[in-house]
Amino acid sequence: MDMRRSERFPLPRREVAQALLADRGHMLVVAGLGSTAWDITAAGDHPLNLPLWGAMGGAASIGLGLALAQPERRVLVITGDGDMLMGLGSLATIAVQQPVNLAIVVFDNERYGETGMQPTHTAHGVDLAAMAQAAGIPLTGTVHDEAGLGAALPVIRGEPGPVFYTIKVRAETLPFELPPKDGAYLKDRFREALLGA
Ligand SMILES: Cc1ncc(C[n+]2csc(CCOP(=O)(O)OP(=O)(O)O)c2C)c(N)n1
């Protein structure tokens with residue numbers, strides 16, 4: 001198996017984040033620790049962003065909790081394959097709960113980017129979208145290129161879900177685009193933007 005192939009994947013992650021978050025309206029956005037938190041921040045810091053500075057494995061389950069608590073709001077989780085692999089059980093719980101307003105998107109660079117680009121299980125063929133489908137998530141898919149992204153965007157942004165997409169993104173190390181660092185501040189800012197003062 002060619003372990004370096006993800007360095008040649010066509011989709012750059014920051015452009016994918018920008019496309020997913022364009023004209024985002026009242027959408028609530030959770031990002032996993034590390035690279036996806038920088039990606040959503042590069043697309044524009046926003047009070048309705050909840051970038052996780054830690055809690056590896058927790059992004060999808062935090063998104064599930066938000067989606068259940070805020071059924072009128074679209075909730076989008078953008079996270080890495082390493083984070084998703086660490087929280088696979090949450091796919092089963094999402095499938096049981098069936099929150100129609102939840103979309104999970106995995107930016108799959110087939111690497112643990114933050115810690116030095118070690119290959120993850122997906123570099124060996126583990127198929128996260130197939131696992132989500134097998135759990136019982138009704139709308140799933142894997143995006144490899146621009147055309148696939150164009151087709152997936154309206155599903156991720158608007159179709160009744162739950163939705164799960166893997167988006168294969170180029171393995172690239174990018175400059176940091178850091179969100180605010182204080183977790184309590186981020187939580188308070190998010191709460192106030194969502195619920196009022
Ligand atoms: C429980 C736990 N184990 C390990 C780490 C170290 N760690 C931080 S980020 C990261 C890799 C994240 O990889 P992924 O989610 O795929 O993101 P990307 O490749 O996009 O950076 C790891 C292993 C951690 N923060 N917490």
Side-chain angles (χ1 to χ4, degrees), residues 1-21 29-45 49-65 75-91 93-94 102-132 135 137 140-145 148-149 152 156 164-184 186-187:
M1 184 174 303
D2 178 4
M3 302 294 289
R4 304 249 71 91
R5 71 199 170 102
S6 64
E7 288 170 1
R8 298 192 299 274
F9 287 170
L11 290 173
R13 54 191 306 146
R14 295 256 162 106
E15 286 178 25
V16 177
Q18 208 145 32
L20 285 170
L21 297 174
V29 179
V30 176
L33 81 171
S35 306
T36 50
W38 323 150
D39 295 335
I40 68 161
T41 306
D45 186 33
N49 279 356
L50 195 61
L52 301 181
W53 277 93
M56 188 166 178
S61 50
I62 289 171
L64 171 62
V75 176
L76 172 61
V77 175
I78 302 177
T79 194
D81 46 306
D83 173 76
M84 193 65 247
L85 283 160
M86 202 174 270
L88 286 174
S90 57
L91 297 179
T93 308
I94 290 164
L102 177 63
I104 311 278
V105 173
V106 174
F107 281 9
D108 185 4
N109 60 358
E110 305 189 349
R111 297 283 187 281
Y112 295 107
E114 277 306 294
T115 46
M117 287 288 184
Q118 300 86 359
T120 66
H121 306 55
T122 61
H124 297 266
V126 170
D127 183 339
L128 291 169
M131 293 175 100
I137 293 179
T140 64
T142 300
V143 167
H144 297 274
D145 53 25
L149 181 63
I156 292 167
F164 182 100
Y165 268 86
T166 295
I167 301 182
K168 293 287 185 180
V169 295
R170 190 180 309 155
E172 50 182 347
T173 303
L174 296 165
F176 289 125
E177 291 277 356
L178 301 182
K181 288 185 178 153
D182 182 335
L186 284 166
K187 182 261 294 170

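Just follow the structure's listing: the first ligand is 1, and inside any ligand the first atom is 1. Both backbone and side-chain heavy atoms feed into the values below; hydrogens, waters and symmetry mates do not.
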Under a 4.0 angstrom heavy-atom cut-off, which atoms of ligand 1 come close to R13? 20 (O)

Between T115, L174, L52, which one has a non-hydrogen atom sitting closest to atom 22 (C) of ligand 1? T115

Atom 13 (O) of ligand 1 [closest protein heavy-atom partner, distance rounded to 0.1 Å]: Y112 CA, 3.6 Å

Can you name the closest pair of heavy atoms from M84 and S90 and give their distance? CE-OG, 3.7 Å

Do you know which two heavy atoms are closest between N109 and S6, and how far apart they sit? O-OG, 3.0 Å

How close does the nearest protein non-hydrogen atom get to atom 9 (S) of ligand 1, and which residue and atom is it? E114 CB, 3.3 Å

Output yes when the distance from some N or O of ligand 1 to some N or O of G113 is under 3.5 Å, and no in every other case. yes

Which ligand 1 atoms, with their elements, are less than 4.0 angstrom from a heavy-atom of L33? 8 (C), 9 (S), 25 (N)

Ligand-residue contact atoms, ligand 1 with D81, heavy atoms, under 4.0 Å: 16 (O)

Atom 1 (C) of ligand 1: which protein heavy atom is closest, and how many Å away? M86 SD, 3.9 Å

Nearest non-hydrogen atom to atom 18 (P) of ligand 1 belongs to which of G32, S35, G80? S35

When distances are taken from atom 15 (O) of ligand 1, the protein heavy atom at minimum range is D83 N, 2.9 Å

Using a heavy-atom cut-off of under 4.0 Å, does the side chain or the backbone of M56 touch ligand 1, or both, or neither? side chain

Please state whether T120 comes within less than 4.0 angstrom of ligand 1, counting heavy atoms only. no

Does the side chain of T166 pick up a donor-acceptor pair with the side chain of D108 at under 3.5 Å? no

Single hit among L11, T122, V143, V106 for side chain to side chain contact (heavy atoms under 4.5 Å, CB included) with K168: T122

Would you please test W38 and L178 for side-chain contact (heavy atoms from CB on, under 4.5 Å) and show each step? CA-CA 6 Å; W38 323 150; L178 301 182; 3.6 Å; yes

Which of the numbered atoms in ligand 1 are under 4.0 angstrom from any heavy atom belonging to N109? 18 (P), 19 (O), 20 (O)

Show the numbers, then the answer: is there a side-chain contact (heavy atoms from CB on, under 4.5 Å) between V16 and D39? CA-CA 9 Å; V16 177; D39 295 335; over 6 Å; no

Would you say G82 and ligand 1 have an N/O pair spaced under 3.5 Å apart? yes

Less than 4.5 Å apart, any side-chain heavy atom of P179 and any of W53? yes

Would you call F107 and D81 a side-chain contact if the rule is heavy atoms closer than 4.5 Å? no

Do other residues, nucleotides or ligands put more than 12 heavy atoms under 6.0 Å from M56 CE? yes

